[in-house]
Amino acid sequence: MDLGLEGRVYLVTAASRGLGFATARELVADGARVVVTGRVQETVERAVDELGGPGRALGVVADNAAPDTAQRLVDAATANFGRLDGALISVGGPPAAPVSEATDEQWRDAFESVFLGAVRLARTTARALDEGGCIGFVLSGSVREPIGALGISNGLRPGLAMAAKSLANEYGPRGIRVLGLLPARIDTERVRELDALSADRDATRAGHEARIPLRRYGRPEEFGRVAAFLLSPAASYLTGVMIPVDGGALHGI
């Protein structure tokens with residue numbers, strides 16, 4: 001299948017590693033160009049090199065929570081590549097803590113990054129998009145089911161999913177699609193770090209795998225291929241949906 005990505009340009013935030021990088025790699029492999037972000041210059045530069053260098057990727061050190069980030073990224077895309085066709089908005093996960101123990105400061109910091117920063121990026125990106133553009137949010141299985149010890153994520157992700165659904169309704173008449181992806185146990189550094197919080201990391205992973213119908217963690221490239229398809233013109237009649245990439249882990253339909 002030709003996804004129609006040749007020559008198109010996408011913002012991919014938090015893309016120096018993990019799910020963002022996996023998506024950027026799939027977009028570039030199908031002919032797109034990308035603006036990738038991260039918080040550390042060295043890792044951003046390494047990601048650009050691995051994506052094919054300046055002709056295929058532009059790296060920008062950025063924090064989603066900063067008020068000027070959204071416009072900086074849109075301006076970078078249009079200045080360097082001459083257009084913008086969409087964005088995959090991802091952020092690092094908030095700190096692990098039960099709702100009963102998370103501090104006010106942790107909630108405020110996570111809201112600025114996970115929620116407000118993401119909405120600001122979507123609004124700003126949408127102003128630069130023409131018909132056929134797409135905005136994707138990397139959310140979490142916590143949109144549908146709470147995850148133990150991730151109380152802040154459980155609180156914020158469902159609200160962001162509903163904001164994405166609302167934006168799909170608002171931008172749909174302009175021909176702009178908005179959707180979300182719900183990864184579960186994908187084998188990224190973030191998930192390995194969460195497993196390591198337990199007394200026995202290997203036993204924790206084995207327990208999670210036993211509850212996944214496919215009996216394994218997902219691979220980052222499996223997520224990246226789904227995300228690239230959803231952002232592409234090949235998915236032109238999909239909007240307002242939340243797509244699990246979870247090996248069947250979520251229990252609802």
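Because the structure is a prediction, the values reported are computed rather than measured. The analysis underlying the following values was restricted to heavy atoms, covering all of them including side chains, and did not include hydrogens, waters or symmetry mates.
Side-chain contact between Glu112 and Arg108 is absent, with no heavy atoms from C-beta onward closer than 4.5 Å. In this structure, Val74 and Thr125 have side chains that are in contact, with non-hydrogen atoms separated by less than 4.5 Å. Under the 4.5 Å side-chain criterion, counting only non-hydrogen atoms from C-beta, Ile243 is not in contact with Phe229. Between Glu26 and Ser232 there is no side-chain heavy-atom pair separated by less than 4.5 Å. Looking at His208 and Thr204, their side chains come closer than 4.5 Å, going by heavy atoms from C-beta outward. Between Tyr217 and Ile212, the closest side-chain pair of non-hydrogen atoms falls below 4.5 Å. With contacts defined as side-chain heavy-atom distances shorter than 4.5 Å, the pair Thr37/Val44 does not qualify. Between Val40 and Ser16 there is no side-chain heavy-atom pair separated by less than 4.5 Å.
Gln106 contributes a side-chain N or O that, together with a main-chain N or O of Thr103, makes up a donor-acceptor pair within less than 3.5 Å. Between the side chain of Thr239 and the backbone N or O of Val178, at least one donor-acceptor pair lies under 3.5 Å. At least one donor-acceptor pair under 3.5 Å links the side chain of Arg56 to the backbone N or O of Gly31. Formation of a donor-acceptor pair under 3.5 Å by the Arg120 side chain with backbone atoms of Thr69 is not found in this model. In this structure, the side chain of Thr13 engages the main chain of Ser90 through a donor-acceptor pair within 3.5 Å. In this structure, Arg174 contributes its side chain and Ala126 its backbone to a donor-acceptor pair below 3.5 Å. In this structure, Ser113 contributes its side chain and Ala110 its backbone to no donor-acceptor pair below 3.5 Å. A donor-acceptor pair is defined here as one N or O able to donate and one able to accept, closer than 3.5 Å; no such pair exists between the side chain of Asp85 and the backbone of Tyr10. Looking only at distances, no side-chain donor or acceptor of Arg157 sits under 3.5 Å from a matching main-chain atom of Leu182.
To the nearest 0.5 Å, atom CD1 of residue Ile135 and atom OH of residue Tyr171 are 6.0 Å apart. Atom-to-atom distance recorded for Leu231:CG and Cys134:SG is 5.0 Å, nearest 0.5 angstrom.
Each of Arg201, Arg185, Arg190 was compared with Asp195 under the salt bridge (charged side-chain N to carboxylate O under 4.0 Å, His left out) criterion, and only Arg185 meets it.
Contact check on Asp187 versus Arg192 returns a salt bridge, with a Lys/Arg side-chain nitrogen under 4.0 Å from an Asp/Glu carboxylate oxygen.
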